[in-house]
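The structure appears below as structure tokens.
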There are 2 protein chains.
Amino acid sequence: MGASKTVHFTNKQNQIAEIAKAVGHPARVAILEYLAKVNACVCGDIVNELPLAQPTVSQHLKALKQAGLIKGSIDGNAVCYCIDEKGIEQLQTYFSKLSLMITEQKNTCC
Amino acid sequence: MGASKTVHFTNKQNQIAEIAKAVGHPARVAILEYLAKVNACVCGDIVNELPLAQPTVSQHLKALKQAGLIKGSIDGNAVCYCIDEKGIEQLQTYFSKLSLMITEQKNTCC
DNA sequence: TTATAATATTGCAATATTACGATAAATATT
DNA sequence: AATATTTATCGTAATATTGCAATATTATAA
């Protein structure tokens, strides 16, 4: 088939997968890092920061936005982007829970 | 093209993207959750836990293993799987750093 | 109004992923 | 040895992603 069978999984599982998937590309990781580094809203210069064509960057920004990892606001004919902490927090909380569940583990077989 | 241009990004960026990508599918999220829940090495019954065919599950397990998120060890004619905490830790550390970088932020534009 | 600039969308080619039936490989059981 | 059980791999079809040129859109500037 090729299509992932999201129907069979919980909303939470699909949600986490969706956010993680958005992080699952080096260009989008680079965008997140850049936005975190400049520590501010950034208008316009994200395209110049990446070794990719403008439409490609625009696509990646869209993906990050849809996943709730970045926010964008229009400023004249430019668009300002910054990190949406909620998305990062969701992943952090999720992995913390997962981590907690396994810390007491004393598995010797693996 | 379709191929992601990993060459242009740092090793760290590619590494994080690779791990996140592995989490980027609900079936693999479900596998991680199951392994965390049972809190032990699990032999064999992962296939029964998922609404997917055995070869598909095997493929997902391989993806998680390659990303360093789970470990597997042979036990007779079965294989035992459990979470590899290193993978989870890497993501946690990374997002914590990212989170730290942006907590002082007082952006009002987004 | 007519450029100019910044970003988004469309269309398309190349590649990757997902899913599964069929089959292989390896060990366990009879 | 023959059979059953468990997991992995192969082959393949359906779908998704990635990347970019061309173009559209929107707002500013001249």
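Note on naming: letters A, B, ... go to the chains in the order of the sequence lines (proteins, then strands), and numbering restarts at 1 for each one.
Atom C1' of nucleotide C:dC20 and atom CG of B:L50 are separated by 15 Å, given to the nearest angstrom. The separation between B:Q66 atom CD and C:dT18 atom P is 12 Å, rounded to whole Å. Protein atom CG of A:N48 is 11 Å distant from nucleotide atom C1' of C:dA6, rounded to whole Å. Taking atom CZ of residue A:R28 and atom P of nucleotide D:dG19, one finds them 8 Å apart after rounding to whole Å. Rounding to whole angstrom units, CD1 of residue A:I74 and P of D:dT26 are separated by 10 Å. Atom NE2 of B:H60 and atom C1' of C:dT17 are 9 Å apart (whole Å).
Side-chain atoms of A:Q92 and B:S99 include a donor-acceptor pair closer than 3.5 Å.
Shown here are the side-chain contact (heavy atoms from CB on, under 4.5 Å) partners of A:Q54, two or more places apart in sequence or in another chain: A:V47, A:S58. Under the side-chain contact (heavy atoms from CB on, under 4.5 Å) criterion, A:E18 pairs with no residue at all, not counting sequence neighbours. Under the rule for a side-chain contact (heavy atoms from CB on, under 4.5 Å), the partners of B:A78 that lie at least two apart in sequence or sit in another chain are B:C43. Residues forming a side-chain contact (heavy atoms from CB on, under 4.5 Å) with B:S73 (at least two apart in sequence, or on another chain): A:C109, A:C110, B:C80.
Mapping A:A27 and A:G76 onto DNA chain D by nearest heavy atom places A:A27 closer to the 5' end of the strand.
Under 4.0 angstrom from either OP1 or OP2 of C:dT17 there lies no side-chain N or O belonging to A:K21. OP1 or OP2 of D:dG19 sits under 4.0 Å from a side-chain N or O of A:H25.
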Throw together a table of side-chain donor-acceptor distances under 3.5 angstrom for residues 26-37 of chain A, partners on residues two or more places apart or in other chains.
from, atom 1, to, atom 2, distance (Å)
A:R28, NE, A:A22, O, 2.6
A:R28, NH1, A:H60, ND1, 2.9
A:R28, NH2, A:K21, O, 3.4
A:E33, OE1, B:Q13, NE2, 2.9
A:E33, OE2, B:Y94, OH, 2.4
A:Y34, OH, A:D45, OD2, 2.8

Polar atoms only, N or O, under 3.5 Å: list the protein pairs with nucleotides 5-12 of chain D and their distances.
from, atom 1, to, atom 2, distance (Å)
D:dT5, O2, B:N77, ND2, 3.1
D:dT7, OP1, B:G44, N, 3.0
D:dT7, OP1, B:V79, N, 3.4
D:dT7, OP2, B:G44, O, 3.4
D:dA8, OP1, B:Y81, OH, 2.6
D:dA8, OP2, B:S58, OG, 2.9
D:dA8, N7, B:Q54, NE2, 2.7
D:dA8, N6, B:Q54, OE1, 2.9

